[in-house]
Amino acid sequence: MMDLDLRQMRSFMDVADLGSFSAAADKAGLTQPAVSLHIRLLEKQLGVRLIERVGRRAQPTAAGRDFLIHARRICEEVAHAIETVAPHRSGSTGSLRIGTGATACTYLLPPVLGRIRKAMPGIDIVVQTGNTHDILRLLEANTIDAAVVALPATGRSLEISEIHLDEMVAVFPQGFVTDTPVLNAETLSMLPLLLYEGGNTRRLVDQWFSVSGRSVQPAMELGSVEAIKKLAGAGLGLAIVPRMAMEQESAASGLEWRSLEPPLERRIALAMRRDKHMSAPLRALAAALPDVKER
């Protein structure tokens with residue numbers, strides 16, 4: 001397949017339109033010998049004469065007139081293609097597909113995505129929730145662009161960077177543990193507990209109890225932090241949830257929260273494929289997420 005040089009075609013069109021090699025050179029900011037070379041190379045490649053001199057004027061030959069129609073169309077299409085991708089280059093359009101857990105989706109990502117949306121109002125943002133295992137599987141399949149998940153997280157093709165350290169706290173109705181000065185594994189193991197069902201966060205909680213020689217059988221296991229908080233507020237037990245889920249909770253909810261002893265923390269990370277093209281929206285996400293460490 002023949003590869004045509006756009007610079008040569010533009011020189012040809014300029015000469016055909018202006019009737020002069022020197023005028024075409026002035027328009028393009030080139031020297032006249034450079035324009036002449038462009039025409040000669042293009043004619044050699046096509047195997048036909050494109051420009052002929054009639055008196056002092058340069059004009060297209062019959063072959064040149066036929067080729068001129070297509071040359072204009074080709075250059076117009078190239079210009080249109082460049083205009084089409086320009087918004088993607090500037091980040092004003094495109095898409096950002098994120099996978100994350102329900103808690104991060106509710107409490108961690110909204111301000112981050114709000115800033116990205118404000119800076120790039122034309123992009124489509126899609127957020128899919130699930131447990132870490134399922135989200136990472138989608139990431140490795142390139143179904144999503146990035147994942148915000150609780151560690152541990154692994155993947156041979158993934159680059160994983162810690163972005164946030166989130167304390168796990170005890171949540172209970174007001175006055176529920178007024179006579180309990182320390183909320184440690186021994187104390188909590190004697191209370192009805194409302195815990196996550198499965199996932200990395202639940203494993204961290206179980207390990208926290210195990211280190212103190214305790215094992216627990218929760219009163220209820222749920223997959224939603226909001227449901228856990230509602231049940232705790234109804235007096236059905238003490239919940240262990242991420243601190244980020246409580247920091248904006250109003251006093252009207254009737255809930256209190258306290259740190260555990262020893263402290264229990266979970267680490268949140270950003271995961272992306274190592275071979276992923278860093279589009280402008282993806283760069284914006286990667287740049288914005290470390291800011292949450294300070295919250």
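All residue numbers refer to positions in the sequence shown, counting from 1.
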Colleague: Using side-chain heavy atoms (C-beta onward) and a distance below 4.5 Å, is D5 in contact with L41?
Modeller: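 Side chain of D5 against side chain of L41, heavy atoms only: no contact under 4.5 Å found.
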Colleague: Under 3.5 Å, is there a donor-acceptor pair between the side chain of Q8 and the main chain of E43?
Modeller: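 No: the side chain of Q8 does not pair with the backbone of E43.
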Colleague: Distance from T106 atom OG1 to L109 atom CG, nearest 0.5 Å?
Modeller: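 One finds 9.0 Å between OG1 of T106 and CG of L109.
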Colleague: Is there a side-chain contact (heavy atoms from CB on, under 4.5 Å) between L188 and L260 once you walk through the steps?
Modeller: CA-CA 9 Å; L188 266 60; L260 302 175; 3.8 Å; yes
Colleague: Is any side-chain heavy atom of L194 less than 4.5 Å from a side-chain heavy atom of K229?
Modeller: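 The answer is no, as the side chains (C-beta and beyond) never meet within the 4.5 Å cut-off.
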Colleague: Output yes when a side-chain donor or acceptor of W257 lies under 3.5 Å from a complementary backbone atom of E247, and no otherwise.
Modeller: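 The answer is no, because no donor-acceptor pair under 3.5 Å joins these two groups.
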Colleague: Which atoms form the tightest heavy-atom contact between E52 and P60, and what is the distance?
Modeller: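 Taking E52 first and P60 second, the nearest heavy atoms are OE2-O, 4.4 Å.
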Colleague: Does one hydrophobic cluster hold both I144 and V149, with members joined at side-chain heavy-atom distances below 4.5 Å?
Modeller: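 Yes, one cluster joins them.
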Colleague: Ignoring hydrogens and geometry, is there a side-chain-to-backbone donor-acceptor pair from R97 to T143 under 3.5 Å?
Modeller: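 A pair under 3.5 Å: yes.
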Colleague: Can L4 be reached from F12 by stepping across I, L, V, M, F, W or Y side chains whose heavy atoms are under 4.5 Å apart?
Modeller: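 Yes, it is one cluster - the side chains of F12 and L4 are joined through contacts under 4.5 Å.
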Colleague: Restricting to non-hydrogen atoms, name the atom on I160 and the atom on A153 that form the minimum distance, rounded to 0.1 Å.
Modeller: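 Looks like CD1-O, 3.0 Å.
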Colleague: When rounded to the nearest 0.5 angstrom, what distance separates NZ in K230 from CG in L222?
Modeller: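 Between K230 NZ and L222 CG, I get 13.5 Å after rounding to 0.5 Å.
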Colleague: Are L183 and F172 close enough that some pair of their side-chain heavy atoms sits under 4.5 Å apart?
Modeller: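 Yes; the side chains approach each other to less than 4.5 Å.
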Colleague: Which atom pair, heavy atoms only, marks the closest approach of I51 to V15?
Modeller: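 Nearest pair, atom of I51 first, then V15: CD1-CG1, 3.9 Å.
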Colleague: Heavy atoms, side chains only, cut-off 4.5 Å: are L195 and I228 in contact?
Modeller: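 No. Closest side-chain heavy atoms not under 4.5 Å.
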Colleague: Please answer: with hydrophobic residues joined when any side-chain heavy atoms are less than 4.5 Å apart, are L138 and L282 in the same cluster?
Modeller: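 Different hydrophobic clusters.
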Colleague: Can you name the nearest heavy-atom pair linking P152 to T132, along with the distance?
Modeller: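 Minimum heavy-atom contact is O-CG2, 4.1 Å.
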Colleague: Please examine the side chains of L68 and M13, heavy atoms only from C-beta on, and report whether any two atoms are closer than 4.5 Å.
Modeller: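 A side-chain contact exists here, since the closest heavy-atom pair is under 4.5 Å.
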Colleague: For M272 and M278, what are the C-alpha separation, side-chain angles and deciding distance, and is it a side-chain contact (heavy atoms from CB on, under 4.5 Å)?
Modeller: CA-CA 10 Å; M272 292 185 291; M278 291 295 289; 4.0 Å; yes
Colleague: Starting at CG of D166, measure out to CG of L264 and round the result to the nearest 0.5 Å.
Modeller: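 Nearest 0.5 Å value for the CG-CG distance: 9.5 Å.
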Colleague: By salt bridge (charged side-chain N to carboxylate O under 4.0 Å, His left out), which residues pair with E167, not counting sequence neighbours?
Modeller: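 Counting only residues at least two positions away or on another chain, E167 forms a salt bridge (charged side-chain N to carboxylate O under 4.0 Å, His left out) with R243.
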Colleague: Atom CD1 of I268 and atom CE of M244: how far apart are they, to the nearest 0.5 Å?
Modeller: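 I268 CD1 to M244 CE: 5.0 Å, rounded to 0.5 Å.
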Colleague: With sequence neighbours left out, write down each residue that passes side-chain hydrogen bond (donor to acceptor under 3.5 Å, both in side chains) with R267, or none if nothing qualifies.
Modeller: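 By the side-chain hydrogen bond (donor to acceptor under 3.5 Å, both in side chains) rule, R267 matches no residue at all.
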Colleague: Would you say the side chain of E261 lies within less than 4.5 Å of the side chain of S259, judging by non-hydrogen atoms?
Modeller: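 Of all side-chain heavy-atom pairs linking E261 with S259, none is under 4.5 Å.
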Colleague: With a 4.0 Å cut-off on N to O distance, would you call R214 and E186 a salt bridge?
Modeller: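 Here R214 pairs with E186 in a salt bridge, since their nearest N and O are under 4.0 Å apart.
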Colleague: Any side-chain heavy atom of V148 within less than 4.5 Å of one from H164?
Modeller: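 No, side chains not in contact.
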Colleague: Is it true that D134 and R137 have a side-chain N and a carboxylate O under 4.0 angstrom from each other?
Modeller: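 Salt bridge flag = yes for R137 with D134.
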Colleague: Would a hydrophobic clustering, with Ile, Leu, Val, Met, Phe, Trp and Tyr connected at side-chain separations under 4.5 Å, put L191 with F209?
Modeller: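 As far as the 4.5 Å side-chain criterion goes, F209 and L191 are connected within one cluster.
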Colleague: Side chains of I240 and Y196: closer than 4.5 Å at any heavy-atom pair?
Modeller: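 A side-chain contact under 4.5 Å is absent here.
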Colleague: Can you confirm whether more than 12 heavy atoms, excluding those of Q32, are under 6.0 Å from its CD atom?
Modeller: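 Yes, because the 6.0 Å sphere around CD of Q32 holds more than 12 heavy atoms from other groups.
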Colleague: Is a donor on one side and an acceptor on the other found under 3.5 Å between the side chain of R49 and the backbone of G64?
Modeller: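 No, the answer is negative, given that no donor and acceptor are paired below the 3.5 Å cut-off.
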Colleague: Give the minimum heavy-atom separation between L238 and A170, together with the two atoms involved.
Modeller: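 That closest heavy-atom pairing would be CD2-CB, 3.9 Å.
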Colleague: Does S212 reach the main-chain N or O of A185 with its side chain, forming a donor-acceptor pair under 3.5 Å?
Modeller: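 Looks like no, no N/O pair under 3.5 Å.
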Colleague: To the closest 0.5 Å, what do you measure between CG (D26) and CZ (F21)?
Modeller: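 Reported to 0.5 Å precision, the distance equals 13.5 Å.
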Colleague: The test is side-chain contact (heavy atoms from CB on, under 4.5 Å); show your working for R203 and D206 and say whether it passes.
Modeller: CA-CA 5 Å; R203 280 190 285 274; D206 288 345; 5.6 Å; no
Colleague: Answer yes or no: does atom CZ of R274 have more than 12 heavy-atom neighbours from other residues, nucleotides or ligands under 6.0 Å?
Modeller: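 Yes, the 6.0 Å shell around CZ holds more than 12 heavy atoms from other groups.
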Colleague: Determine, using the 4.5 Å side-chain heavy-atom cutoff (strictly less than), whether L18 and L30 are members of one ILVMFWY cluster.
Modeller: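 Different hydrophobic clusters.
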Colleague: State, without any angle test, whether D14 and S11 hold a side-chain donor-acceptor pair at a distance under 3.5 Å.
Modeller: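 Looking only at side-chain atoms, S11 and D14 do not form any donor-acceptor pair under 3.5 Å.
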Colleague: Would you name the heavy atoms of R273 and L139 that are closest together and state the gap between them?
Modeller: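 Closest approach of R273 to L139: CD-O, 3.3 Å.
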Colleague: Would you find more than 12 non-hydrogen atoms of other residues, nucleotides or ligands less than 6.0 Å from K276 atom NZ?
Modeller: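 Yes, because the 6.0 Å sphere around NZ of K276 holds more than 12 heavy atoms from other groups.
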Colleague: Roughly how far apart are L96 CG and M120 CE, rounded to 0.5 Å?
Modeller: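 Here the rounded value is 9.0 Å.
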Colleague: Walk me through whether V127 and L113 qualify under side-chain contact (heavy atoms from CB on, under 4.5 Å).
Modeller: CA-CA 10 Å; V127 180; L113 298 183; 3.8 Å; yes
